[in-house]
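These numbers come from the heavy atoms of this one structure, side chains and all, not from hydrogens, waters or symmetry mates. Remember, predicted model here, so these are calculated numbers, not experimental data. Whatever order the structure lists ligands and atoms in, that order sets their numbers, starting from 1.
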Amino acid sequence: MSFDCRQCGSCCMFLGDYIVIGRRTGPFSFECESISTGTPFTAEVDEDKRGIFSDYSFPEDHPHACRFLRPDGDLLRCTIHRDSPAQCKFYRCVVMRVRSSAGDLIGTVRGTLDLHSDDPGLRCVWEEILRKRPKNDTEAEPWILAFLREKGYLVE
Ligand code: SF4
Ligand code: SF4
C-alpha cells in the first residue's frame, strides 16, 4: 500500500529530544544519535537543502522540533532526507483513511496499525479486526483493508 507523505512536518515537531546532534564534524555534517533506539548515525545535510538549513530561526523558535527540520514554502522538510535514521524513513503517520458509505471521514489507521476514530460502529468492527487479523503487520495491513471494504467502508 503506498503512503504519500505530505511533508507537513508534524511528526518531526516534537522529536528534538529524540534525534540528537552529538557533534558537528563539518559545515553540513554531524554525528547524531537516535535516542529511542540508541542508534548512532552520521548525517550530512542534503545538498539541495543547505540553503534552508542555514536559516536557524525555525529551530530557535521551535526548541522541541527536530534540529534538521526546516520550513520550505508551505512545507516543513527534513534536511537530511538521505541520511535520516531508519525509523524516520519508514514512518507512516496514516496508512488508511476510512470513510462511511456516504463518504464521510470517520477514522484513520496509523502506521502502527492503530485505529483513531470516534465512530461507534467502526470501533466495534475494529474489535473484530483485532481478534481476527493476522499477527504479522505486513500481512495484516492488506487483510484489514479488505475486511473494512467487505464491511462496506470506503478505504483509501
Ligand atoms: S509522515 Fe505524516 S505527519 Fe509526518 S511529515 Fe509525512 S504526512 Fe506529515
Ligand atoms: S531526521 Fe528528518 S524525518 Fe527524522 S525527525 Fe528529523 S526532520 Fe523528521
For this output row, return yes or no: ring centroids of Phe30 and Phe53 closer than 6.0 angstrom.
-> yes

NE2-CG distance between His81 and Asp48, expressed to the nearest 0.5 angstrom | 10.0 Å

Rounded to the nearest 0.5 Å, how far apart are CG of Leu69 and SG of Cys12?
-> 5.0 Å

I'd like to check which ligand 1 atoms, numbered from 1 as shown, lie under 4.0 Å from a non-hydrogen atom of [X].
X	answer
Gly9	5 (S), 8 (Fe)
Cys11	1 (S), 3 (S), 4 (Fe), 5 (S)
Ser10	3 (S)
Tyr91	1 (S)

Sub-3.5 Å donor-acceptor pair from the side chain of [X] to the main-chain atoms of [Y], do we have one?
X	Y	result
Arg99	Ala102	no
Asp137	Thr112	no
Arg133	Lys135	yes

Just wondering, is there an N, O or S atom on Cys93 that's nearer than 2.8 Å to atom 2 (Fe) of ligand 1?
->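 An N, O or S atom of Cys93 is closer than 2.8 Å to atom 2 (Fe) of ligand 1, so yes.
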
Verify the distance criterion only: is there a donor paired with an acceptor across the side chains of Asp55 and Ser57 at less than 3.5 Å?
-> yes

Just wondering, is there an N, O or S atom on Cys78 that's nearer than 2.8 Å to atom 2 (Fe) of ligand 2?
->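 For Cys78, the answer is yes, given that an N, O or S atom comes within less than 2.8 Å of atom 2 (Fe) of ligand 2.
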
Between Cys66, Cys88, Cys12, which one has a non-hydrogen atom sitting closest to atom 6 (Fe) of ligand 2?
-> Cys66

May I ask you to identify, for Ile80, whether its side chain, its backbone, both or neither come under 4.0 Å of ligand 2 on a heavy-atom basis?
->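 Under 4.0 Å from ligand 2, Ile80 contributes side-chain atoms alone.
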
Starting from atom 7 (S) of ligand 1, which protein heavy atom do you reach first, and at what distance in Å?
->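 Its nearest protein heavy-atom neighbour is Arg6 N, 3.4 Å.
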
Could you find the nearest protein heavy atom to atom 5 (S) of ligand 2 and give me its residue, atom name and distance?
->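 Nearest neighbour among protein heavy atoms for atom 5 (S) of ligand 2, to 0.1 Å: Leu15 CD1, 3.5 Å.
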
Within less than 2.8 Å of atom 8 (Fe) of ligand 1, any N, O or S from Cys8?
->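 For Cys8, the answer is yes, given that an N, O or S atom comes within less than 2.8 Å of atom 8 (Fe) of ligand 1.
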
Give a yes or no on whether a salt bridge exists between Glu156 and Arg97, defined as a side-chain N under 4.0 angstrom from a carboxylate O.
->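 Looking at Arg97 together with Glu156, the answer is no, because their closest N to O distance does not fall below 4.0 Å.
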
